Engineer: 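For reference, the structure I am asking about is given below.
To find a chain, count down the sequence lines: A is the first, B the second, and so on, and within it residues start at 1. Only a predicted model underlies this, so the values are computations on that prediction, with no experimental measurement involved.
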Amino acid sequence: MADAQIYACSPDLVWLQDDNMVLLVDRRRRESWRLRGTDAILWTWTALGYRYQAMTRMLALLLGLSDNTAQVRVDEAIQAWHVAGIIEHGG
Amino acid sequence: MNSNTLSSTGTALGSGQLPRSSDLQSEQNLFAIPVLNHFLLYAPLSGLAALVNGVALLHLRDGIIDGPLSELMEALRANVRPAPRPIQGEFVPHFLGLLPTRDCNLACRYCGFQIAGGHHHASMPLTLARDAVTWYMDQVRQSGSRQAEVHFFGGEAFCAEEVLDFSVPLSRQLALDAGISVKFEVATNGAFSEERCRWAADHLDTVVLSLDGPADVQDLNRPYRGGRGSFQTVTRSATILSAGSADLYLRSCVTAQTADRLPEIADWFCQAFHPAGVCFESLQPTPQSEAAGLQPPDPLPFARGFIKAARLLASHDVEPIYTAADIRALRVSFCPVGQDVAIVSPDGVINACYLLQSEWEAKGLDLRLGRMSNRAACLDEGAVQAARDLNVWNKPHCERCFCKWHCAGGCHVNHQPADPTGAHARLCVQTRIIAVWNILNSLGRADLAEEWLADDEAVNRTEARPSDLLMDVV
């Protein structure tokens with residue numbers, strides 16, 4: 001389960017907020033990613049230190065989803081970031 | 001009269017009827033203000049001003065108009081804009097105000113919010129924020145407007161940061177769905193983390209940051225609860241905000257002790273940060289400020305300090321802000337009250353004003369407009385009308401003041417335009433001084449403005465008059 005995992009991003013990763021988008025750049029690997037919509041919102045909340053449960057609750061309210069569906073959306077986003085190499089298991 | 005003295009103030013001109021001289025006077029919109037041995041003729045609805053001598057003034061008052069005076073009157077008759085009127089018809093929110101909490105992490109020595117009752121310290125539930133934002137964005141969409149605005153007030157808004165972290169993306173999403181744009185503004189004390197500050201710099205459009213001045217001023221006036229100074233944290237925030245995409249406006253509360261330091265404060269602001277504008281506001285006396293020995297500045301030192309600071313700010317392309325004396329604006333209300341703004345408090349009550357309910361109730365005002373209920377706003381039409389009725393048309397003391405369409409009588413709660421003797425109140429005096437200075441500068445007569453401002457007696461003659469109307473000139 002995603003809430004039992006601890007992830008971390010590379011210290012070489014930087015990000016900036018643009019219009020409706022978060023741009024992530026890994027300076028060492030010379031890779032970049034663009035997060036939009038829900039992904040951008042979740043990334044921002046993560047960067048601000050919100051915990052998993054708080055993010056799912058806020059996402060459920062924001063999108064009008066059930067808590068379970070919101071949890072699935074959060075899990076999917078985290079999994080996608082992991083697969084893309086934006087975050088890694090850590091802690 | 002020297003015809004060379006006839007000049008436009010350079011303000012925007014609108015269209016309107018071309019009233020006769022008598023109409024202008026009866027509309028009470030043609031003013032004559034003594035400035036040294038001149039008279040400043042001012043027609044705010046035309047956006048025009050001229051300097052005339054005493055003989056010309058009396059001719060104008062009496063309608064004896066020929067020669068160069070006819071040219072002047074023709075200019076004053078042209079392009080008269082209609083006097084501003086209160087809003088009528090359906091309530092369409094001008095902007096949405098959200099009060100995430102009344103709580104605050106500072107204990108400013110002049111602030112009455114810290115003594116607010118415990119129920120004020122609750123945070124706004126996210127479900128309420130969702131309902132308010134959704135209702136508001138729907139209102140904007142239905143009105144056909146393409147622009148929405150959400151403002152966050154406090155207490156300190158970031159003491160309930162989750163309300164902002166939730167409301168901003170929700171508003172953006174709803175705006176995107178409706179094909180409209182949305183802007184965000186927050187009024188904050190800046191006493192928060194670097195990460196939070198970076199978020200504000202990148203996600204908001206306007207940040208109004210309260211920073212009274214250098215460390216000795218800031219730490220004295222605006223300490224944390226417990227007494228620790230806030231200067232270090234707040235200046236760190238100002239530095240981060242200076243580098244972000246949000247427009248940074250610095251707001252300094254001016255006391256009798258700091259009035260003569262405004263140029264120094266303005267200079268420091270410009271050197272240390274990158275503000276889009278700087279606002280200097282006089283201390284509004286409260287029981288707390290009186291207990292702390294803080295006094296409001298006297299009007300003339302404040303006006304002189306502001307004007308020096310304004311000149312310095314302008315030289316750095318920073319906007320000096322003293323809204324009440326902004327001669328570019330015509331308005332009937334100085335603040336959100338009466339302008340169909342919906343300000344939602346943490347308990348779901350919708351008010352016209354962001355001040356504490358106890359403050360306006362103490363002045364015999366009820367500024368509640370309604371309440372959020374069942375995911376919608378239930379507004380009381382009578383309350384909306386009552387708020388709209390709080391406007392300069394209903395402030396008798398303002399009737400004969402040249403500044404009435406600019407300051408609109410000021411704050412409905414905390415400002416009484418006249419003192420018990422009927423003389424202009426302290427805030428009126430400084431507003432009138434700054435407004436005259438603005439008009440003279442718009443005429444290109446900075447030299448005269450300087451000479452006048454340096455002369456205590458001349459300034460007193462200008463500001464102390466019970467009526468500025470041309471027809472009342474004796």
Engineer: Checking L176(B) against chain A: side chain, backbone, both or neither under 4.5 Å from a heavy atom?
Structural biologist: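 L176(B) touches chain A through side-chain heavy atoms alone.
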
Engineer: Pair Y224(B), N105(B) - check side-chain hydrogen bond (donor to acceptor under 3.5 Å, both in side chains), show working.
Structural biologist: CA-CA 6 Å; Y224(B) 280 97; N105(B) 49 345; 5.3 Å; no

Engineer: Are the side chain of S345(B) and the backbone of V349(B) linked by a donor-acceptor contact shorter than 3.5 Å?
Structural biologist: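 Here the side-chain-to-backbone pair exists.
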
Engineer: Tell me, out of I41(A), L48(A), L59(A), who's got the most heavy-atom pairs with chain B below 4.5 Å.
Structural biologist: L48(A)

Engineer: Considering only heavy atoms and a distance below 4.5 Å, find which of R198(B), Q173(B), R172(B), H203(B) pairs most often with chain A.
Structural biologist: H203(B)

Engineer: Using heavy atoms and a sub-4.5 Å threshold, report which of residues 187-196 of chain B line up against chain A, by residue number.
Structural biologist: E195(B), R196(B)

Engineer: Take atom CZ of R51(A) as the centre, draw a 6.0 Å sphere, and report whether it contains more than 12 heavy atoms from other residues, nucleotides or ligands.
Structural biologist: no

Engineer: Is the distance between the ring centroids of W81(A) and W43(A) under 6.0 Å?
Structural biologist: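 So the answer is yes for these two rings.
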
Engineer: Answer yes if the side chains of S66(A) and N68(A) hold a donor-acceptor pair under 3.5 Å, and no otherwise.
Structural biologist: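 No donor-acceptor contact under 3.5 Å links the two side chains.
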
Engineer: How about CG on D177(B), more than 12 heavy atoms from neighbouring residues, nucleotides or ligands closer than 6.0 Å, or not?
Structural biologist: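 Yes - once you tally the heavy atoms of other residues, nucleotides and ligands closer than 6.0 Å, there are more than 12.
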
Engineer: Taking all non-hydrogen atoms of both residues, which atom of S171(B) and which atom of V182(B) are closest, and how far apart?
Structural biologist: O-CG1, 4.1 Å

Engineer: Where the side chain of D340(B) meets the backbone of F91(B), is there a donor-acceptor pair that is under 3.5 Å apart?
Structural biologist: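 Not confirmed, D340(B) side chain does not pair with F91(B) backbone.
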
Engineer: Should the heavy atoms of other residues, nucleotides or ligands under 6.0 Å from OH of Y354(B) be counted, would the total exceed 12?
Structural biologist: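 Count not over threshold, so no.
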
Engineer: Give the intermediate values and the outcome of side-chain hydrogen bond (donor to acceptor under 3.5 Å, both in side chains) for residues D75(A) and Q79(A).
Structural biologist: CA-CA 6 Å; D75(A) 290 348; Q79(A) 186 61 25; over 6 Å; no

Engineer: More than 12 foreign heavy atoms under 6.0 Å from CD of E319(B): is that the case here?
Structural biologist: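 More than 12 heavy atoms, drawn from other residues, nucleotides or ligands, come within 6.0 Å of this atom.
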
Engineer: Considering heavy atoms only, which positions within residues 125-147 of chain B lie below 4.5 Å of chain A?
Structural biologist: L126(B), T127(B), R130(B)

